[in-house]
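We name chains A, B, ... by the order of the sequence lines, and we start the count at 1 in each one.
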There are 2 protein chains.
Amino acid sequence: MNDHDRIAVAVDVVICMLQNEALTVLLIKRSDQDRWAIPGGIIGVGESLQSAAVRILEEETGMADVYVEQLYTFGEPDRDQRKRVVSVVYYALIPAQQIELKAGSGTDGAAWFNVDELPRLAFDHNEILDYALTRIRNKLEYTDVGFQLLPEEFTLTELQTAYEIVLGEHLDKRNFRRKILQANILHETGGMRTGEGRPAKLYRYRDGAFVEVKARRLFP
Amino acid sequence: MNDHDRIAVAVDVVICMLQNEALTVLLIKRSDQDRWAIPGGIIGVGESLQSAAVRILEEETGMADVYVEQLYTFGEPDRDQRKRVVSVVYYALIPAQQIELKAGSGTDGAAWFNVDELPRLAFDHNEILDYALTRIRNKLEYTDVGFQLLPEEFTLTELQTAYEIVLGEHLDKRNFRRKILQANILHETGGMRTGEGRPAKLYRYRDGAFVEVKARRLFP
DNA sequence: TATATTTCGTGTTGATCAGACACTTATATG
DNA sequence: CATATAAGTGTCTGATCAACACGAAATATA
């Protein structure tokens with residue numbers, strides 16, 4: 001087997017954030033490609049897969065301390081015409097906020113796309129995003145991923161809206177609040193969010209709460 | 001980066017089967033290693049990850065047409081002292097039966113181990129097996145993986161026993177039967193299994209049934 | 001061949017949970 | 001001060017889950 005035949009290992013990261021009442025994903029355009037793509041890179045020697053994902057995330061967004069989880073590994077022989085690449089794909093959920101995008105090296109630019117209005121992407125990246133969204137929607141129902149999309153403090157309405165955006169369906173206000181509060185995974189910070197209308201209590205996620213709640217589905 | 005630094009891509013396969021009222025996993029011992037290990041191999045050029053998993057499974061057991069699914073990719077830099085290996089791990093569930101183990105090339109032998117009585121394995125393979133078992137137990141509750149561990153025709157008691165072995169807990173007979181039958185994923189073959197005691201009806205899994213049942217948990 | 005043993009197969013009840021549904025309260029704004 | 005906006009709150013009904021015991025059908029044995 002000559003060097004040309006060797007298989008390259010890449011790490012790609014699906015970076016998701018809530019913006020303008022929509023779930024968005026960060027895509028980049030490389031100088032040598034005419035389609036948008038999921039950001040990624042070659043793994044460094046001595047670097048773990050997870051570290052590589054965190055590094056790529058940091059290079060694109062400048063953010064650290066973010067929820068990152070392995071999604072799936074894509075390795076069809078023909079997924080990249082140029083050479084054989086096995087991509088270990090991670091996904092990251094970052095709290096809603098304003099982010100200054102850093103143009104990574106070798107890229108023409110980066111932009112956030114509404115996940116419901118994606119263009120045709122490079123390689124098998126549309127397939128990867130489909131898979132990522134399915135995973136996130138599923139995990140929303142029985143893990144704490146929903147909280148990762150919000151800042152530390154949030155109102156129950158903001159939390160419900162986040163769930164509605166990701167799931168793409170309306171949820172009943174009273175049932176939602178009852179279930180979340182009964183699950184005992186939030187605590188009131190004491191602060192209030194003011195604005196037009198009645199002020200709302202602020203909550204914070206009880207970190208590690210899902211270790212206790214575990215197998216219990218939030219929305220069965 | 002010289003060739004020595006390059007990263008190798010391996011595919012490992014956790015092969016599980018029911019035997020003697022226990023869930024067992026197939027392990028091999030390589031001539032150059034003193035510990036048992038999960039069977040695996042280097043991926044061929046032009047071979048997809050899934051194909052490699054199926055090939056490895058066939059090499060070890062002689063079986064084709066088996067349930068195979070990707071589990072997780074393990075790639076810590078120090079997981080193999082000799083060189084950097086990224087392992088894409090699959091798991092396979094094969095129907096209970098007698099299997100003639102083929103000694104794969106370069107192996108000292110292969111054997112089935114009860115998953116509750118595993119020795120200390122090579123590399124990070126204990127960790128991988130823990131992860132695989134957790135996944136299988138979870139999927140048992142909301143997918144059709146349970147049926148993959150049984151032959152085509154089975155009695156309800158055999159199915160319940162399979163669930164009990166994998167989950168490691170006792171299930172109520174009447175509740176189990178009611179839930180399985182109401183889920184409408186089995187049909188009676190008309191045949192009966194005879195033996196000591198009253199004969200039992202034989203059932204067959206309605207293939208593709210979980211496409212319909214989908215999100216519905218069998219054991220919430 | 002009668003009896004014992006083994007395994008299959010079956011329903012009900014009470015408790016818990018999910019889903020549908022509408023009005024009052026607190027603040028900001030004009 | 002009146003109006004608009006969003007927050008916050010409870011009940012009832014139907015569905016689902018968990019707990020629970022015995023009769024039926026066959027084989028094995030005395």
With a 3.5 Å distance limit and no angle check, can you tell me whether Q97(A) reaches the backbone of P151(A) through a side-chain donor-acceptor pair? no
Answer yes if the side chains of R79(B) and S87(B) hold a donor-acceptor pair under 3.5 Å, and no otherwise. yes
[X] has an atom [atom1]; how far is it from atom [atom2] of [N], in whole Å?
| X | N | atom1 | atom2 | value |
| --- | --- | --- | --- | --- |
| Q182(A) | dC17(C) | CD | P | 8 Å |
| M192(A) | dT25(C) | CE | C1' | 11 Å |
| E169(A) | dG19(C) | CD | P | 10 Å |
| R193(A) | dG8(D) | CZ | P | 11 Å |
| N175(B) | dA15(C) | CG | C1' | 14 Å |
| R174(B) | dG23(D) | CZ | C1' | 12 Å |
| I180(A) | dT9(D) | CD1 | P | 15 Å |
| F176(A) | dG8(D) | CZ | P | 12 Å |

Let me spell it out: for each of D172(A) and L181(B), pick the nucleotide of DNA chain C with the closest heavy atom. Which residue's pick is nearer the 5' end? L181(B)
Given that G195(A) and L156(B) both sit by DNA chain C, which one's nearest nucleotide is further toward the 5' end? L156(B)
Apply side-chain hydrogen bond (donor to acceptor under 3.5 Å, both in side chains) to T24(A) and list each qualifying residue two or more places apart in sequence or on a separate chain. Q19(A)
Under the rule for side-chain hydrogen bond (donor to acceptor under 3.5 Å, both in side chains), what residues qualify as partners of R178(A), not counting sequence neighbours? N175(A)
If you look only at pairs with a residue in residues 126-135 of chain B, which of them pass as a side-chain hydrogen bond (donor to acceptor under 3.5 Å, both in side chains), with sequence neighbours excluded? none
Ranking R178(A) and R178(B) by the position along DNA chain D of their nearest nucleotide, the one closer to 5' is R178(A)
Can you name the ring pair (Phe, Tyr, Trp, His ring centres under 6.0 Å) partners of W36(A), sequence neighbours left out? F113(A)
Let me check something: any side-chain donor-acceptor pairs from residues 68-76 of chain A under 3.5 Å, sequence neighbours excluded? List them with distances.
residue : atom : partner : partner atom : Å
E69(A)  : OE1  : Y67(A)  : OH           : 2.6
E69(A)  : OE1  : K139(A) : NZ           : 3.2
E69(A)  : OE2  : Y91(A)  : OH           : 3.3
E69(A)  : OE2  : K139(A) : NZ           : 3.0
Q70(A)  : OE1  : T73(B)  : N            : 2.8
Q70(A)  : NE2  : Y90(A)  : OH           : 3.2
Q70(A)  : NE2  : T73(B)  : O            : 2.9
T73(A)  : OG1  : T73(B)  : OG1          : 2.4

Would you tabulate the pairs of protein nitrogen or oxygen atoms and nucleotide nitrogen or oxygen atoms of nucleotides 4-7 of chain D closer than 3.5 angstrom?
residue : atom : partner : partner atom : Å
dA7(D)  : OP1  : T157(A) : OG1          : 2.9
dA7(D)  : OP2  : T157(A) : OG1          : 3.3
dA7(D)  : O4'  : R198(A) : O            : 3.4
dA7(D)  : O3'  : P199(A) : O            : 3.3
dA7(D)  : N7   : K173(A) : NZ           : 3.1

